[in-house]
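Right, one structure below, let's go through it.
Not measured: the values here are computed from a predicted model. Note that ligands are numbered from 1 as they come in the structure, with each ligand's atoms numbered from 1 the same way.
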Amino acid sequence: MATRKAEINGKRPFRLKEYTFSCEDVPRLSCTDPEVDRLISNEQPVVITDTNLVSSALHWDLDYLGKNMGDGMFTVYSSHTNKFKYFDDKKGNNVKNFREPMRHLDMTFQDFAKRLCNKKPEDESLYMQQTLNDSVGRRIVVDFLGFNWNWITEQQKKHNWGQLTANLLLVGTEENITPSHYDEQQNFFAQIKGKKRFILFPPSQFGCLYPYPIYHPHDRQSQVDFDDPDFEKFPEFKKAAALEAVVGPGDVLYLPTYWWHQVECVQGTGLNISVTFWYKCGPTDKIEYPLKPQQKVAMMRNIEKMINQALNDPKEVPEFMQNMVLGRYT
Ligand SMILES: O=C(O)C(=O)[C@H]1CC[C@@H](C(=O)O)C1
Ligand SMILES: [Zn+2]
């Protein structure tokens, strides 16, 4: 697998996987730069520095979390590969012979930390992905309250976003990968320990990324295997052109809603800890034409949902969709 050398601001170089598509850099700007507001208003990704958003958590490591996360049970995914492809198990019955690509385990943080420390190369990869809630220990609550809520709440108000819906704590090891998908929420992704690489595609490249059907457990995920793309089945993927961002401790990536992202824990950067800040999108006051790509994706999803409901049988959807477009709009 080809890799290339990279670095952030001249700091210690590390290696990134190479793919078939080009990668341009996401802008990296201080939160004091007015360009940050412009990019967020335009729903363009940007790496924002100096926010102090999670400065109160930069001392988090396996030992500290093990001592302070409390004795609650936390969500940990286990995968035979280093990929953690999200699936909605409520949609599992819609697809014949669907095989869950990773196992959902529940364990205490202490158990998770022990498995990470004793992990042998042949063992399954592990990824803790736990919504921060009141089950954590007191010191974690203090660190959480110490996040720069003034700054992020100011962003929420300025850009007229909806409510904060979740803070997901992510604890993984280098080379863990979350394959390419899009979400329907605004996201400030805060890096606490280790480095993460984001491969981003704008919503306008929906046609290059071939998401699964909406009834599929992998709804919102790309069908394309970036490590071995099937250009026969997914010819438009040849036209995909990515933006790339590598974030380190203290960096915050603004990840706009409907933007495709693959997330990789960077090799050689050790234990990886992040926290997401997901917000509901704001209301669309006035429809303006031409419609934005993300509005068209939302429209496509609503139409797919309507067709699925009306047909009431996932097996009928492919033929219905093909009858609608093949030879008519192709
Ligand atoms: O923040 C998001 O939108 C995500 O997809 C998260 C789910 C797994 C996380 C990761 O860092 O691998 C990223
Ligand atoms: Zn995501």
**Message:** Could you check whether His261 and Phe189 have their ring centres less than 6.0 Å apart?
**Reply:** no
**Request:** Report whether Phe74 and Tyr64 are members of the same hydrophobic cluster (ILVMFWY, side-chain heavy atoms less than 4.5 Å apart, transitive linking).
**Result:** yes
**Message:** Under a 3.5 Å threshold, yes or no: a donor from one side chain and an acceptor from the other, between Tyr19 and Gln262?
**Reply:** yes
**Message:** Assess, by modelled atom type and distance only, whether the side chains of Lys119 and Thr173 contain a donor and an acceptor separated by less than 3.5 Å.
**Reply:** no
**Complete:** side chain to side chain contact (heavy atoms under 4.5 Å, CB included) with Trp161: of Thr257, Ile40, Thr153, only one passes, and it is Ile40
**Asked** Angle class for the Phe147/Trp60 ring planes (parallel below 30°, perpendicular above 60°, tilted otherwise)?
**Response** tilted
**Prompt:** Can you tell me if Ser30 and Asp50 form a side-chain donor-acceptor pair at under 3.5 Å?
**Reply:** yes
**Item:** Test applied, ring-ring contact (aromatic ring centres under 6.0 Å, His included); reference residue, His218; option that passes from Tyr210, Tyr86, Phe98
**Value:** Phe98
**Message:** Listing by chain and number, which protein N, O or S atoms are under 2.8 Å from the Zn ion (ligand 2)?
**Reply:** His181 NE2, Asp183 OD2, His261 NE2
**Residue that, paired with Asp251, satisfies side chain to side chain donor-acceptor pair (under 3.5 Å) out of Arg28, Lys195, Lys196, Gln191** = Arg28
Between the protein and ligand 1, which nitrogen or oxygen pairs come in under 3.5 Å, and how far apart is each?
{"unit_1": "ligand 1", "atom_1": "1 (O)", "unit_2": "Asn187", "atom_2": "ND2", "d": "2.9"}
{"unit_1": "ligand 1", "atom_1": "3 (O)", "unit_2": "Asp183", "atom_2": "OD2", "d": "2.8"}
{"unit_1": "ligand 1", "atom_1": "3 (O)", "unit_2": "Asn187", "atom_2": "ND2", "d": "3.3"}
{"unit_1": "ligand 1", "atom_1": "3 (O)", "unit_2": "His261", "atom_2": "NE2", "d": "3.0"}
{"unit_1": "ligand 1", "atom_1": "5 (O)", "unit_2": "His181", "atom_2": "NE2", "d": "2.9"}
{"unit_1": "ligand 1", "atom_1": "5 (O)", "unit_2": "His261", "atom_2": "NE2", "d": "3.3"}
{"unit_1": "ligand 1", "atom_1": "11 (O)", "unit_2": "Tyr127", "atom_2": "OH", "d": "3.3"}
{"unit_1": "ligand 1", "atom_1": "11 (O)", "unit_2": "Lys196", "atom_2": "NZ", "d": "2.8"}
{"unit_1": "ligand 1", "atom_1": "12 (O)", "unit_2": "Tyr127", "atom_2": "OH", "d": "2.9"}
{"unit_1": "ligand 1", "atom_1": "12 (O)", "unit_2": "Thr178", "atom_2": "OG1", "d": "2.5"}

